[in-house]
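Comments concern the structure below.
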Amino acid sequence: MPLYEKYEDHETSPVLQSFERFTERLQTGDFFKIYEGDSLAGSVHVYRKSSGFMRLHMINILEEFQGQGIAQQVMSRLEIMYPEANSWELDTILQEEKNCYIYEKMGYVQMNDPKKINNKMSIVHYIKKANLNHLKAL
């Protein structure tokens, strides 16, 4: 909701999706709750786009847990959990510089030009193909 209010994205924001659309998305791919100790810290939704190609559709870290490296840990663990993936993709808001920084730090590379949604917000597409966090065979 804070990003919806900040960017006034009436076209693409998940805040406005119907309950039916939300439940439909939960049936596609995998949805995980993220815990820090006993506290719910966020959630993540991933799905396979094609053979070897995964999409990090949405990662949410609650505000009180942000800045603790949780998103980076989750992303690394996802790469381990899906060893068949040789590429990952995600979209994010270009104006959310901290998010862009984390994704680039994790090895994601910006692809194409940002897509302007409105005067306040553009969406940028990232792909990661190298240095995936796969466990080595014993």
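Values below: all heavy atoms of this structure, side chains included; hydrogens, waters and symmetry mates excluded.
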Please name the pair of heavy atoms, one in [X] and one in [Y], separated by the smallest distance, quoted to 0.1 Å.
{"X": "Ser76", "Y": "Met106", "value": "OG-CE, 3.4 Å"}
{"X": "Leu56", "Y": "Trp88", "value": "N-CE3, 4.1 Å"}
{"X": "Ile34", "Y": "Asn60", "value": "CD1-O, 4.2 Å"}
{"X": "Phe65", "Y": "Leu40", "value": "CE1-O, 3.5 Å"}
{"X": "Met75", "Y": "Leu90", "value": "CE-CD2, 4.4 Å"}
{"X": "Ile61", "Y": "Gln66", "value": "O-NE2, 2.8 Å"}

When you measure from the side chain of [X] to the backbone of [Y], do you find a donor-acceptor pair of N or O atoms at a distance under 3.5 Å?
{"X": "His57", "Y": "Val44", "answer": "no"}
{"X": "Thr23", "Y": "Glu20", "answer": "yes"}
{"X": "Gln72", "Y": "Ile102", "answer": "no"}

In chain order, what residues pass the salt bridge (Lys or Arg N to Asp or Glu O under 4.0 Å) check against [X], with sequence neighbours excluded?
{"X": "Glu36", "result": "none"}
{"X": "Asp91", "result": "Arg55"}
{"X": "Glu96", "result": "Lys6"}

(request) Step by step, work out the side-chain contact (heavy atoms from CB on, under 4.5 Å) result for Ser87 and Lys129. (result) CA-CA 5 Å; Ser87 297; Lys129 294 183 179 184; 3.4 Å; yes
(request) Report yes if the side chains of Lys49 and Tyr47 come closer than 4.5 Å at any heavy-atom pair, otherwise no. (result) yes
(request) State, with a plain yes or no, whether a side-chain heavy atom of Glu104 is found less than 4.5 Å away from one of Tyr126. (result) yes
(request) Take atom CD of Glu63 as the centre, draw a 6.0 Å sphere, and report whether it contains more than 12 heavy atoms from other residues, nucleotides or ligands. (result) no
(message) With a 6.0 Å cut-off (strictly less than), is the heavy-atom count around CD of Glu97, excluding the residue itself, greater than 12?
(response) no
What's the spacing between [X] [atom1] and [Y] [atom2] if we round to 0.5 Å?
{"X": "Leu78", "Y": "Ile59", "atom1": "CG", "atom2": "CD1", "value": "7.0 Å"}
{"X": "Lys116", "Y": "Ile123", "atom1": "NZ", "atom2": "CD1", "value": "13.5 Å"}
{"X": "Glu79", "Y": "Met54", "atom1": "CD", "atom2": "CE", "value": "10.5 Å"}
{"X": "Gln110", "Y": "Cys100", "atom1": "CD", "atom2": "SG", "value": "7.0 Å"}

If hydrophobic clusters are built from ILVMFWY residues whose side chains come within less than 4.5 Å, do [X] and [Y] share one?
{"X": "Val46", "Y": "Phe53", "answer": "no"}
{"X": "Leu62", "Y": "Met58", "answer": "no"}
{"X": "Tyr82", "Y": "Phe31", "answer": "no"}

(request) In sequence, state the C-alpha distance, the side-chain angles, and the governing distance for Phe32 and Ser43, and then conclude on side-chain contact (heavy atoms from CB on, under 4.5 Å). (result) CA-CA 6 Å; Phe32 300 98; Ser43 63; over 6 Å; no
(request) Let me see the working for Lys120 and Ile117 under side-chain contact (heavy atoms from CB on, under 4.5 Å), right down to the final yes or no. (result) CA-CA 8 Å; Lys120 295 182 177 184; Ile117 302 299; over 6 Å; no
(request) Before accepting this row, confirm whether a basic side-chain N of the pair Lys128/Glu89 lies closer than 4.0 Å to the acidic partner's carboxylate O. (result) no
(request) Give the intermediate values and the outcome of side chain to side chain donor-acceptor pair (under 3.5 Å) for residues Lys115 and Asn112. (result) CA-CA 9 Å; Lys115 177 183 177 187; Asn112 308 325; over 6 Å; no
(request) Sort out for me which residue in Ile93, Val124, Leu94, Thr92 forms a side chain to side chain contact (heavy atoms under 4.5 Å, CB included) with Asn99. (result) Thr92
